[in-house]
Amino acid sequence: MDKLKMHSPDLSQDNIAKIRELFPGCVTEARDEATGKLRLAVDFDQLRQELSDSIVDGTQERYRLDWPGKREALALANAPIAKSLRPTLDESSQFEQTENIFIEGDNLEALKLLQETYLGKIKMIYIDPPYNTGNDFIYDDDFSEDTEAFLQRSNQMDESRNRLVANTNANGRFHSDWISMIYSRIKLAKNLLANDGVIFISIDDVEVDNLCKVCDEIFGAENRIGLITAVSNLKGRSDDKYYATAHNYLLAYQKKNFISLGVPLPDEYLKEYQETTPDGRRYRLQGLRKRGDSAKRIDRPKMHYPFYVNPLDNSVSLQKSEQHSIEVLPLLSDGEDGRWRWGRETSAERISELCARTVGANKRYDIFQIDYAEGENGEKRIKPKTVWSGNGFANETGSLELKSLFGKKFFDTPKPIGLIKYCLQHATHNNDLVLDFFAGSSTTAHAVMQLNSEDGGRRKFIMVQLPEPCDEKSDAFKAGYGSIADISKERIRRAGQKILESDCHPDWNRDVGFRVLKVDTSNMKDIYYRPDELSQGDLLEAVDNVKPDRTPEDLLFQVLVDWGVDLTLPIRRETLQDKTVFFVDDNALVACFDTGVTEELVKELAKHEPLRVVFRDNGFASDAVKINVEQIFRQLSPSTEVRSL
């Protein structure tokens with residue numbers, strides 16, 4: 001019976017496997033110097049031969065982004081960790097029913113633990129990372145340790161390390177440390193994005209250039225779809241030295257083929273829609289003749305062609321007839337031949353959107369597009385502009401929103417709900433999954449719930465926040481909140497309750513809950529990962545390889561992570577033959593971590609025909625039962641995958 005690996009995927013091995021698909025002769029096996037085990041390795045001499053026409057070697061000049069610590073940041077992103085996500089039911093809300101997740105812990109570790117479960121499944125990522133102003137904190141990704149120390153830290157010995165360090169201007173690696181921190185996290189986040197997914201990153205002037213270069217390297221410069229200016233301070237910061245800064249940036253990258261859904265027509269645009277159809281639809285008329293640059297016939301000769309007008313009802317046609325008898329050509333104000341905005345094929349397809357009106361003193365006919373304020377489904381949507389301005393995008397609004405929930409100002413510049421909602425409106429469908437791994441006060445979770453309540457959507461969120469301690473002098477600490485994560489979770493609870501008390505869309509499922517999962521050391525003892533180091537004194541320890549303080553729920557969630565099973569699936573706990581058995585989404589996974597499992601219980605579980613089943617390695621009543629497990633499932637449920645831990 002195969003054992004679960006119980007650690008995050010080794011991304012470097014995954015990358016080598018991809019190379020092997022293209023160049024099988026360039027991948028071999030080599031012994032890992034640290035562990036002594038055989039691993040896939042690249043024969044770079046052979047690969048160079050395969051790519052001899054395009055190799056860039058040595059000091060040859062090339063276009064690339066480099067900084068001290070880049071190699072280490074890449075290695076850190078690829079290295080596996082043996083950590084777990086431990087469920088915390090008493091801090092969760094609606095644990096059994098909710099499809100939302102709140103992960104408390106280091107976001108680099110959280111991203112690694114999510115790699116298999118949510119690979120290619122996230123539609124939208126929004127993050128508001130530290131801006132590296134010299135006054136904030138960044139994650140302390142310590143590269144100055146040997147392999148053995150790294151294995152101990154990543155697998156077992158994550159004692160209370162300080163994960164945040166001040167990054168002041170005096171630091172000789174001021175920019176490099178920040179880039180290393182953000183690079184490894186965005187690289188992992190890209191794996192989670194769906195092919196039509198998009199990531200939005202808030203940033204200011206200090207690191208915007210470096211962030212663009214980092215994302216260009218990770219996503220490809222061709223996948224940068226926007227550098228948006230968001231007016232975050234309506235008055236501007238008057239204490240700035242040269243200019244009163246009034247904006248931040250929002251950098252947007254697609255994974256591959258993102259399609260914007262557009263945003264609702266802003267209220268200030270509606271005043272332009274002055275005309276009304278007999279059935280009450282508001283509209284405006286937009287001239288079809290091209291104006292401004294390249295408006296002449298010689299600029300686009302094929303877009304100069306005639307329309308024909310029916311003077312009785314002002315309808316238009318591309319074909320002359322007895323009813324449509326008046327020819328109209330695009331003419332400039334000086335009488336020179338102009339051109340239309342649409343080609344003939346487009347005009348033929350959208351002829352119902354066109355009409356004629358007389359203009360000028362000579363009452364000459366011209367052609368107009370009928371632009372409705374409401375679409376066929378009742379809502380007109382337009383492309384978002386590259387400047388987002390208004391109260392809904394201002395940090396001051398974010399502060400007031402948070403204060404309205406808590407009664408006090410706990411954050412200086414929390415992002416406003418309107419900013420995230422605007423992203424959600426044009427980037428997500430109703431059932432999409434949204435991730436924020438710099439959650440802060442969980443504005444993103446608030447925005448997801450708010451938008452769902454308005455349009456009946458079932459968007460789900462995953463928030464990740466480090467339990468960064470609150471300053472003991474802060475209002476938050478005095479109010480009883482020990483960490484930023486505590487404030488973040490409480491905000492979701494309060495925001496959800498407030499939303500439920502307001503008018504909600506009848507189709508909304510009213511999911512304002514969240515499962516709290518905390519990043520922790522592995523549930524397995526050290527001997528599980530390094531059995532080759534077993535000594536005689538460890539023999540008794542090897543009888544049970546699970547740490548004594550871990551619960552069955554802890555083990556279940558590490559199995560879900562290891563097997564890549566959705567962490568929000570419904571979980572049912574039953575007692576069968578005096579043993580506790582977990583059913584995840586009925587038969588997606590069945591788990592029993594009790595000891596003394598008998599052949600009769602195994603047969604009963606096999607009758608459920610689960611997709612996967614897992615037992616404790618030492619959980620069987622006898623060696624004979626353990627040996628027979630796979631045979632029993634082959635007979636009664638041959639499609640079931642059987643594992644142990």
*For the side chain of D432 and the backbone of T428, is there at least one donor-acceptor N/O pair under 3.5 Å apart?*
no
Result for side chain to side chain contact (heavy atoms under 4.5 Å, CB included) between L589 and one of V613, L569, L556 points to L556
Using a 6.0 Å cut-off, check whether atom NE2 of H429 has over 12 heavy atoms from anything other than its own residue. no
| said: Using the rule given for side-chain contact (heavy atoms from CB on, under 4.5 Å), can you reason through R612 versus V565, listing the C-alpha separation, both sets of side-chain angles and the distance that settles it, and then say yes or no? | reply: CA-CA 10 Å; R612 310 171 186 86; V565 179; 3.8 Å; yes
Sequence neighbours excluded, the answer for side-chain contact (heavy atoms from CB on, under 4.5 Å) partners of N257 is N195, D196
Donor-acceptor contact present, side-chain S8 to main-chain I81, <3.5 Å: yes
Across all chains, not counting sequence neighbours, the side-chain hydrogen bond (donor to acceptor under 3.5 Å, both in side chains) partners of K460 are none
Applying side-chain hydrogen bond (donor to acceptor under 3.5 Å, both in side chains) to R616 and not counting sequence neighbours gives D544
K547 and T521 side chains, donor-acceptor separation under 3.5 Å
yes
Output for pair (M463 CE, F438 CZ), nearest 0.5 Å, gives 13.0 Å
When every non-hydrogen atom of D436 is compared with those of A439, the smallest separation belongs to OD1-N, 3.5 Å
Minimal heavy-atom distance between S202 and D128, with the atoms involved, is CB-OD1, 3.5 Å
Rounding to 0.5 Å, atoms CD (E116) and CG (L192) come to a distance of 11.5 Å
Sorted by chain and number, sequence neighbours left out, side-chain hydrogen bond (donor to acceptor under 3.5 Å, both in side chains) with D14 holds for none
> Does K421 offer a backbone N or O that forms a donor-acceptor pair with the side chain of Q450 under 3.5 Å?
Replying inline: no
Check: residues 576-583 side-chain donor-acceptor pairs under 3.5 Å, at least two apart:
unit_1 : atom_1 : unit_2 : atom_2 : d
Q577   : OE1    : L601   : N      : 3.3
Q577   : NE2    : E604   : OE1    : 2.9
K579   : NZ     : T595   : O      : 2.8

So, R550 and S522: side-chain donor and acceptor under 3.5 Å apart, yes or no? no
Taken in chain and number order and not counting sequence neighbours, the residues that satisfy side-chain contact (heavy atoms from CB on, under 4.5 Å) with F477 are C470, E472, S474
Paired with N223, the side-chain hydrogen bond (donor to acceptor under 3.5 Å, both in side chains) test is passed by just one of K190, K256, Q254, K255, namely Q254
Show your working on side-chain contact (heavy atoms from CB on, under 4.5 Å) between I420 and F200 and close with a plain yes or no.
CA-CA 9 Å; I420 316 299; F200 297 99; over 6 Å; no
Output for pair (L611 CG, N587 CG), nearest 0.5 Å, gives 5.0 Å
With no hydrogens and no angle check, just 3.5 Å: does a side-chain donor-acceptor pair link R459 and N430?
yes
Please assess Q497 against R494 for the test side chain to side chain donor-acceptor pair (under 3.5 Å), listing each intermediate value before the final yes or no.
CA-CA 5 Å; Q497 186 58 41; R494 295 190 182 201; over 6 Å; no
Distance col, row E104:CD vs D520:CG, nearest 0.5 angstrom, shows 10.5 Å
To the nearest 0.5 Å, atom CD1 of I199 lies from atom OH of Y253 at 10.5 Å
By side-chain hydrogen bond (donor to acceptor under 3.5 Å, both in side chains), Q115 pairs with (sequence neighbours left out) N191
Fill in: Flag, side chain of S180 to backbone of D177, donor-acceptor distance under 3.5 Å
no
*asked:* Run the side chain to side chain donor-acceptor pair (under 3.5 Å) test on S12 and N15 for me, step by step, so that the C-alpha distance in whole Å, both residues' side-chain angles and the decisive distance to 0.1 Å come before the verdict.
replied: CA-CA 5 Å; S12 62; N15 290 334; over 6 Å; no
Shortest non-hydrogen pair, L645 vs V559, comes out as CD2-CG2, 3.4 Å
May I ask you to test the F406-D475 pair for a side-chain heavy-atom distance under 4.5 Å?
no
**Request:** Without swapping roles, check the side chain of K112 against the backbone of A79 for a donor-acceptor pair under 3.5 Å.
**Result:** yes
Salt bridge (charged side-chain N to carboxylate O under 4.0 Å, His left out) pairs touching residues 476-485, sequence neighbours excluded, are none
Query raised in the report: Can you find a side-chain donor-acceptor pair between R491 and T443 that sits under 3.5 Å?
Result: yes
Min side-chain heavy-atom separation Y118-I462 under 4.5 Å: yes
- Message: Within the structure provided, determine whether L555 and V614 are in side-chain contact (heavy-atom separation under 4.5 Å).
- Response: no
Heavy-atom nearest pair, A495 first then M449, reads CB-CE, 4.1 Å
| message | Between S93 and R493, is there a side-chain donor-acceptor contact under 3.5 Å, judged purely by atom types and distance? | response | no
- Query: Are any side-chain N or O atoms of S84 and backbone N or O atoms of R86, one a donor and one an acceptor, separated by less than 3.5 Å?
  - Reply: no
Side-chain heavy-atom pair L193, L435 within 4.5 angstrom cut-off: no
The side-chain contact (heavy atoms from CB on, under 4.5 Å) partners of T117 (sequence neighbours excluded) come to L567
Return the orientation label for the F615 and F620 ring planes: parallel under 30°, perpendicular over 60°, tilted otherwise. tilted
Q) Is there a side-chain contact between L500 and W508 (heavy atoms, below 4.5 Å)? A) yes
Show me, pair by pair, the donor-acceptor contacts under 3.5 angstrom made by side chains of residues 635-642, not counting sequence neighbours?
unit_1 : atom_1 : unit_2 : atom_2 : d
S637   : OG     : T640   : OG1    : 2.5
T640   : OG1    : P610   : O      : 2.5
T640   : OG1    : S637   : O      : 3.4
E641   : OE2    : R643   : NH2    : 2.8

In this structure, CG of L4 is separated from CG of D562 (nearest 0.5 Å) by 4.5 Å
Q.
What verdict does the side-chain contact (heavy atoms from CB on, under 4.5 Å) test give for D554 and V546, after you've listed the backbone C-alpha separation in whole Å, the side-chain angles of each residue and the deciding distance to 0.1 Å?
A. CA-CA 11 Å; D554 291 337; V546 177; over 6 Å; no
Check: Heavy-atom distance under 4.5 Å between the side chains of K518 and E91, does that happen here?
Finding: yes
N509 meets the side-chain contact (heavy atoms from CB on, under 4.5 Å) criterion, sequence neighbours left out, with E99, R458, D511
Shortest non-hydrogen pair, F411 vs G440, comes out as CZ-C, 4.3 Å
Closest non-hydrogen atoms of M181 and P130, given as atom of the first, atom of the second and distance, are CE-CD, 4.3 Å
With sequence neighbours left out, the residues meeting ring-ring contact (aromatic ring centres under 6.0 Å, His included) with F461 are none
ask   = Is R185 paired with D106 through a side-chain N to carboxylate O contact shorter than 4.0 Å?
value = yes
